[in-house]
2 protein chains.
Amino acid sequence: MSKCEQCIVRKFNSLKSLTKDELVRISGCKTSKFIKKGEVIFDEGETLNGVYCIKDGICKLSKLSANGRDQIVKLVIKGDLLGQRSLVVDESANLSAVALNDMEVCFIPKQEIMNDLQKNPEFSLDVLQQMAYDLRESDDVIVNMAQKSVKQRLAEILIYIHDHFGVDADNYFNVLLSREDYANVVGTATESAIRILSQFKKEGLISTSGKHIRIEDMEALQRVE
Amino acid sequence: MSKCEQCIVRKFNSLKSLTKDELVRISGCKTSKFIKKGEVIFDEGETLNGVYCIKDGICKLSKLSANGRDQIVKLVIKGDLLGQRSLVVDESANLSAVALNDMEVCFIPKQEIMNDLQKNPEFSLDVLQQMAYDLRESDDVIVNMAQKSVKQRLAEILIYIHDHFGVDADNYFNVLLSREDYANVVGTATESAIRILSQFKKEGLISTSGKHIRIEDMEALQRVE
DNA sequence: ATTAAAACCTGACAAATATCATATTTTAAA
DNA sequence: TTTAAAATATGATATTTGTCAGGTTTTAAT
C-alpha cells in the first residue's frame, strides 16, 4: 500500500501540517478504498469513525430536506478531507457523501486524527483555518440562495464547476452532473433546471452533448440576471 | 474596569478554555465599549484587529448582496464571540455587525488571541469546535433557504427567536426586529414578510403590539408549510 | 404638541417558479 | 440486440413571490 509521506494529495489539505513521524504513523493505520460512481461513502446521521482523504475523484455532500428533496451543499474533490467537522464536535454526519465518479479515498481512524489535533498545534490551526474558510463559503452560499434567482444561481454553479473542476480536451466539464443534481445544487425543481439549461443553450451561453456541458460564452453567463 | 477572570459571559464561549494567567493578561489589554442600538460594530470588508466578546445585547450579522439587499446570516447574543473567523484566516470581515439593541462588548486585540491559539491547544480545540458547530448550522440554513417556502422560513425564524432569545413577562420576544429585518433574515421582500406576518396574525398563530411579537399557537406555527 | 420621516400595511398586478402531464431520448440490464 | 427503466425535454397551468403604488400608523426630532 502507498504511503502518506509520499502522497501528493496531502499537500492540498491540512495533513500537510503533520510531521514526518505523524505521517508515518497515520500511514500505518489508514485503509485505502475504491468507491464506484454513485456509491455512498457515508450517510447523513451515520457515526463517522474517522476522516476520509480523497485521493482521486469527486463527490457531492448533500442533505435530505423535510420536503423529501436532496440539497447538495458542496462538491468535494481530490485533495479534500471529508468528515473532520463531525469528528471535531463528536456528532454524527450532518451530510451524506456520494461519489460522482469512481473514487479512491483513504480512511484515517478517528483516534489518530484527534491525537494529532491535541498534540500538534500547527495541524490544529490548519484544520481551524480550513473550517474558517468553509464557514465563509457557506455564508456566501446562504446569501446567494436567499437573494439570487434560480437562473443566476445556475449560471454561477456552471462557472464554479468550470473554474474549480476544470475541463477536458474538448472544453467539456470534468464533472458529470445529472440535471437532477444541478437542480439539487441550486435548490429548484428538476424541470426548472432543465428548462433553464435549455434556454442557456438556445441563447448560445453553453452547449451540451448528453450530460456533458461546455461553456460557450463565459461573459454572457457572468452577466445573467 | 471589570476583569475577564470574574466575567460570567466568558463561560459561554471559547474563552472558558483559557488559563487564569491567560485571562489576566487578556483582561489587561482588552477595551470595553458601549454600542447603541443601530450602531455598526464593524462593516463587511473592514480589517478586524481583534475579536469582540459580547457582554450584553444582541446584534445581527449581515452581508450586502449584489442586488442591493442585506441578507442577515446570523443573530448573535450575549456570550458569543465576534470576528474569530476573520482573525483565524487573516481576512477582512465577510459580514457586517449591527447592534439590535444597546450593547456592551469587550474588544480583545488580535495578537493576544493568536498567541493563545498557538500556545493553548485546549483553547484552540474549543475555537475549532465552535466553528465546526457554526458550520453545521450554516449548512442547515442553506438547506432551509433552498428547500422551504418563505412562509415556512418565517415561521421557523419566529420559533428560533422565541427559543433562543427568550420572551418577557408578557411573552413578547426579547429581540425587537423590524419587518425589514425579518425579510432580510428569510431572504424575501419586506412587503412579503409583512403580508405573511399579517396572515399569521389573522390565523391566530401570533399576536403583535407594534414591533413586539408574541407566539400564540406554537404547534400551528411548527406545522406551517 | 407639532410635524416630518420612517415604518408598516394592503391591493393590484407582474414575474418567477413549481407542478403535472406527456413525449422523447439515453442508459443499462437481460 | 432487445427492451424496460431512467433521464431528459417541453407544454399547460397553478402557485408563490416580487414590484409598484398608495394608503395608515408609529417614531423621533423640533
Side-chain angles (χ1 to χ4, degrees), chain A residues 36-39 60 65-71 98 100-102 144-158 172-173 176-203 206-213 224-225, chain B residues 36-39 60 65-71 98 100-102 144-157 172 176-203 206-213 224-225:
Chain A
K36 284 204 181 131
K37 177 179 171 177
E39 271 184 20
K60 58 179 176 182
S65 173
N67 64 8
R69 266 218 281 260
D70 242 6
Q71 175 64 34
V98 176
L100 287 174
N101 48 29
D102 292 349
N144 283 342
M145 283 294 177
Q147 301 287 348
K148 294 186 177 170
S149 69
V150 171
K151 204 191 289 186
Q152 257 180 305
R153 269 138 60 196
L154 193 43
E156 284 181 10
I157 191 66
L158 290 173
Y172 286 112
F173 291 173
L176 273 191
L177 291 181
S178 69
R179 301 295 194 259
E180 191 182 4
D181 282 332
Y182 278 107
N184 291 347
V185 170
V186 301
T188 191
T190 306
E191 296 96 321
S192 297
I194 290 174
R195 227 181 286 272
I196 293 171
L197 286 176
S198 298
Q199 191 195 336
F200 284 171
K201 225 158 60 174
K202 263 185 211 142
E203 294 169 346
I206 62 173
S207 62
T208 66
S209 161
K211 275 201 210 323
H212 296 267
I213 295 180
V224 165
E225 296 215 343
Chain B
K36 285 206 181 130
K37 178 179 170 179
E39 271 183 21
K60 59 179 175 183
S65 171
N67 64 10
R69 265 218 281 262
D70 243 6
Q71 176 63 36
V98 176
L100 287 174
N101 49 28
D102 291 350
N144 284 341
M145 283 293 176
Q147 300 287 349
K148 293 186 177 170
S149 69
V150 172
K151 204 191 288 184
Q152 257 180 304
R153 270 140 56 197
L154 193 43
E156 284 181 9
I157 192 66
Y172 286 111
L176 273 190
L177 292 181
S178 68
R179 300 296 194 258
E180 191 181 4
D181 282 331
Y182 277 107
N184 290 347
V185 170
V186 299
T188 190
T190 306
E191 296 95 322
S192 297
I194 290 174
R195 227 181 288 271
I196 293 171
L197 286 175
S198 298
Q199 192 194 335
F200 284 171
K201 226 158 60 173
K202 263 186 211 141
E203 294 169 347
I206 62 173
S207 63
T208 65
S209 162
K211 275 200 209 325
H212 296 267
I213 295 181
V224 164
E225 297 217 343

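The side chain of A:Thr188 contributes an N or O atom lying less than 4.0 Å from OP1 or OP2 of C:dA18. A close approach under 4.0 Å does not occur between any side-chain nitrogen or oxygen of B:Lys151 and OP1 or OP2 of D:dT17.
Picking from C:dT17, D:dT10, D:dT19 the nucleotide with the shortest atom distance to the side chain of A:Ser198 gives D:dT10. Proximity note for B:Lys201 (side chain, C-beta onward) versus D:dT8, D:dT17, C:dC9: the nearest is C:dC9. Distances from the side chain of A:Lys211 to the nucleotides C:dT10, D:dT8, D:dT10 place D:dT8 closest. Side chain of A:Val150, nearest nucleotide from D:dT17, C:dT17, C:dC8: C:dT17. Nearest nucleotide to the side chain of A:Arg179, out of D:dT8, D:dT19, D:dT10: D:dT8.
Between the side chain of A:Arg195 and the base of D:dG11, at least one donor-acceptor pair of N or O atoms lies under 3.5 Å.
Judged purely by atom type and a 3.5 angstrom limit, B:Ser149 uses its side chain to pair as donor or acceptor with the backbone of B:Gln152.
Residue B:Thr208 is the one, among B:Thr208 and A:Ile196, whose nearest nucleotide of DNA chain C lies closer to the 5' end (criterion: closest heavy atom). In terms of position along DNA chain C, the nucleotide closest to B:Leu177 lies nearer the 5' end than the nucleotide closest to the other residue of the pair B:Leu177 and A:Glu191.
Put simply, the side chain of A:Leu197 reaches to within 4.5 Å of the side chain of A:Leu154, judged on heavy atoms.
Summarising the local packing, CD of B:Glu180 is surrounded by 12 or fewer heavy atoms from other residues, nucleotides or ligands at distances under 6.0 Å.
Among the protein residues, B:Ser149 comes within range of the sugar-phosphate backbone only, with heavy atoms under 4.0 Å from sugar or phosphate atoms but none that close to a base.
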